[in-house]
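To start, the structure itself, in structure tokens.
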Amino acid sequence: MPIHYRQREPLWRPAAQKGWQLPRDLAPWILDQGSLTARLQAHCQGQFDVQLLNQGWGQARPSELLVLKCPSRQKMLVREVILKGRGENWVFARSLVPYTSLTGRLKALKYLDNKPLGALLFQDPSMRRDPLEAAAICAEHQYLHPDLKLPVAVDLWGRRSVFYIDKNPLLVSEVFLPDFLASL
Ligand SMILES: C=C(O[C@@H]1C=C(C(=O)O)C=C[C@H]1O)C(=O)O
């Protein structure tokens with residue numbers, strides 16, 4: 001009988017949860033409430049760029065629908081990118097924008113291409129974000145994009161939070177990749 005692998009999801013928990021040991025070097029990056037783009041740009045002295053992997057209508061995972069408080073049939077814009085520092089793959093980012101959030105200033109998201117999403121979010125005076133969650137991300141979660149070509153046994157850390165622009169939600173998830181960890 002073939003084994004049917006359900007697409008497991010990471011166990012997301014409040015990043016600032018007491019007594020949860022985040023990796024010492026990575027903890028400040030996981031807990032930082034500011035723009036990850038801005039912090040990465042400083043970390044690589046500006047040798048930064050965004051590689052767009054894909055952007056289009058797609059499906060959210062159950063835990064993503066839960067935090068976005070969206071019904072399962074909700075049409076979702078899915079954006080997946082690699083944030084690169086010094087030409088290396090530093091962060092895999094997956095952002096989910098419910099169709100109903102693509103209004104007003106967020107309409108610009110459809111044409112973002114390889115400009116960083118953070119610039120759009122953090123310059124918006126209405127921007128709010130929910131507390132950060134963190135999770136250990138491993139291969140069986142099938143969470144990472146195949147283009148990342150990571151070794152199967154890799155164990156990484158991710159963080160995510162829901163942003164609001166004029167009260168319209170979008171979920172931004174980020175996974176710190178091996179080359180970034182090596183840069184710390
Ligand atoms: C939310 C931010 O935007 C970053 C840029 C992203 C993009 O361009 O798709 C996605 C996630 C973030 O790492 C940020 O800078 O904090």
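For the numbers below, each heavy atom of this structure counts, side chains included, while hydrogens, waters and symmetry mates do not. When a residue number appears, it is its place in the shown sequence, counting from 1. Just follow the structure's listing: the first ligand is 1, and inside any ligand the first atom is 1.
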Under a 4.5 Å cut-off applied to non-hydrogen side-chain atoms, are [X] and [Y] in contact?
| X | Y | answer |
| --- | --- | --- |
| Met76 | Leu65 | yes |
| Trp90 | Asp179 | yes |
| Val172 | Leu170 | yes |

> Looking only at protein heavy atoms, which one is nearest to atom 2 (C) of ligand 1, and how far off is it?
Replying inline: Gly118 CA, 3.3 Å
>> Quick test: of every protein heavy atom, which one is nearest to atom 12 (C) of ligand 1, and how far off is it to 0.1 Å?
In response: Glu174 OE2, 3.1 Å
>> Can you confirm if the aromatic rings of Phe180 and Phe92 lie within a centre distance of less than 6.0 Å?
In response: no
Counting only nitrogen or oxygen atoms and a 3.5 angstrom limit, does [X] reach ligand 1?
| X | answer |
| --- | --- |
| Thr37 | yes |
| Arg79 | yes |
| Leu36 | yes |

List every atom of ligand 1 that sits less than 4.0 Å from any heavy atom of [X], numbering the atoms from 1 in the order shown and giving each element.
| X | answer |
| --- | --- |
| Phe122 | 14 (C), 16 (O) |
| Ala93 | 10 (C), 11 (C) |
| Pro116 | 8 (O) |

>> As a quick check of understanding, evaluate ring-ring contact (aromatic ring centres under 6.0 Å, His included) for Trp57 and Tyr99, giving each step before the final call.
In response: CA-CA 9 Å; Trp57 302 114; Tyr99 177 75; 5.7 Å; yes
> So is Val81 in contact with ligand 1, going by heavy-atom distances below 4.0 Å?
Replying inline: yes
> Any side-chain donor-acceptor pair under 3.5 Å between Ser173 and Arg61?
Replying inline: no
> With sequence neighbours excluded, what pairs up with Leu66 under the side-chain contact (heavy atoms from CB on, under 4.5 Å) test?
Replying inline: none
How does [X] reach ligand 1, by side chain, by backbone, by both or by neither, if only non-hydrogen atoms under 4.0 Å count?
| X | value |
| --- | --- |
| Ser35 | both |
| Leu112 | neither |
| Leu117 | both |

> Rounded to the nearest 0.5 Å, how far does CG of Leu96 lie from CZ of Arg160?
Replying inline: 9.5 Å
> When you look at Phe48 and His43, which way does the side-chain contact (heavy atoms from CB on, under 4.5 Å) test go after all the steps?
Replying inline: CA-CA 9 Å; Phe48 174 85; His43 188 58; over 6 Å; no
> Relative to atom 1 (C) of ligand 1, which among Leu53, Leu121, Leu83 owns the nearest non-hydrogen atom?
Replying inline: Leu121
